[in-house]
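To find a chain, count down the sequence lines: A is the first, B the second, and so on, and within it residues start at 1. Hydrogens, waters and symmetry mates are skipped; everything else that's a heavy atom, side chains included, is used.
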Number of protein chains: 2
Amino acid sequence: MLNNAAVDRVFHALAEPMRRELVERLSAGPMSVSDLAQPFRVTLAAIVQHVQVLEESGIVRSEKVGRVRTCRLDPDGLKVAERWISERRSLWERRLDRLGELLAEDDPSDSSPTKSKKKRKKP
Amino acid sequence: MLNNAAVDRVFHALAEPMRRELVERLSAGPMSVSDLAQPFRVTLAAIVQHVQVLEESGIVRSEKVGRVRTCRLDPDGLKVAERWISERRSLWERRLDRLGELLAEDDPSDSSPTKSKKKRKKP
DNA sequence: GGCATTGTTTAGCATCGGCTTGACTATCTG
DNA sequence: CAGATAGTCAAGCCGATGCTAAACAATGCC
């Protein structure tokens, strides 16, 4: 995988609770940095640093006009993480489905983990 | 949001590259801890710790039979992260769509920085 | 011009997190 | 039984990370 570094940056960015809240706020619409900072009890500098991380990860884009920097969500950034997850999950779930089919083929017994009895019959 | 702590744990778990590789390996099928550890150049203890984090986050379930602990992916854990992302992203994208419609309605003035020309007509 | 607003940058601090080491338990195998 | 295998636990090292303070720059407003 070549986009490994991108996946890395995105998940690293989303690991931080305050950064996720910033994303949450931005999902409602674009915002200046100080507007973003308003509900938090931290320095503006801290918010700026978080925004930088989000921006380097591709989750957020921003542009400065005058002295105010306006930040907006970039769906493509989030898509990177979303795809990584859904690929792994669907891979695993397909596997589970195939397994279920195999079990159902000739064994109507309960497939729950407690005392699973493996009666395999290969024709 | 009450499941905030769960979201926190899941994203924290996925932030670590080696843990994501473990998830990747597990998406191919269940595995013992030492099988999981095999391709990595770290101690078994390190892998155990990673597995614990993944398990506390709900991404992985495991059961010990005899002296071997078998780990398997739990799709529900990954779903927590997947839903968080897709909710934020789709919220934002819906907003973009509405904006596009509004712009197309009667005001050709440009709201995006790079000369985007949206000529859409709403029937 | 003078002052407030809005960020940006850097250095330092404190905490967190990943990893190792080493001691230990429990289970299999000959 | 002895020894090997598979994992667990606790302590500690050390680099990464979030936050602050402080100095700075650029823009807007009177």
Think [X] has a side-chain N or O under 4.0 angstrom from the OP1 or OP2 of [N]?
X	N	result
Arg69(B)	dT8(D)	yes
Thr43(B)	dC19(C)	no
His50(B)	dC19(C)	yes

How long is the span from the [atom1] atom in [X] to the [atom2] atom in [Y], to the nearest 0.5 Å?
X	Y	atom1	atom2	result
Leu22(A)	Leu14(A)	CG	CG	11.0 Å
Ile59(A)	Ile85(B)	CD1	CD1	8.0 Å
Glu56(B)	Arg9(B)	CD	CZ	8.0 Å
Arg67(B)	Ser34(B)	CZ	OG	9.5 Å
Glu82(B)	Trp84(B)	CD	CH2	13.5 Å

- Message: With side-chain contact (heavy atoms from CB on, under 4.5 Å) as the criterion, how do Arg20(A) and Val7(B) come out once you've worked through the C-alpha distance, each side chain's angles and the decisive distance to 0.1 Å?
- Response: CA-CA 10 Å; Arg20(A) 281 202 311 279; Val7(B) 175; 3.7 Å; yes
Distance check needed: [N] [atom2] versus [X] [atom1], whole Å only.
X	N	atom1	atom2	value
Met18(B)	dG18(C)	CE	C1'	9 Å
Arg41(A)	dC19(D)	CZ	C1'	14 Å
Lys64(B)	dA6(D)	NZ	P	12 Å
Leu44(A)	dT5(C)	CG	P	13 Å
Leu36(A)	dT6(C)	CG	C1'	13 Å
Gln49(B)	dT8(D)	CD	P	11 Å
Ile47(A)	dT20(D)	CD1	C1'	13 Å
Glu63(B)	dG7(D)	CD	C1'	16 Å

- Does the side-chain contact (heavy atoms from CB on, under 4.5 Å) test come out yes or no for His12(B) and Arg19(B), once each step is laid out? CA-CA 10 Å; His12(B) 172 247; Arg19(B) 281 199 289 263; 4.1 Å; yes
- Do Glu55(A) and Ser62(A) have side-chain atoms, one donor and one acceptor, less than 3.5 Å apart?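 Yes, because at least one side-chain N or O of Glu55(A) sits under 3.5 Å from a partner of the opposite role on Ser62(A).
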- Nucleic acid contacts - residues 8-17 of chain A versus DNA chain D, non-hydrogen atoms under 4.0 Å: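 Nucleic-acid contacts, sorted: His12(A), Glu16(A).
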- Query: Does a side-chain heavy-atom distance below 4.5 Å link Leu73(B) with Arg61(B)?
  - Reply: no
- First of Ala45(B) and Arg19(B) reached from the 5' end of DNA chain C, by closest nucleotide: Arg19(B)
- What does nucleotides 23-30 of chain C look like as a protein-contact string, B for base, S for sugar-phosphate only, - for none, at under 4.0 angstrom between heavy atoms? ----BS--
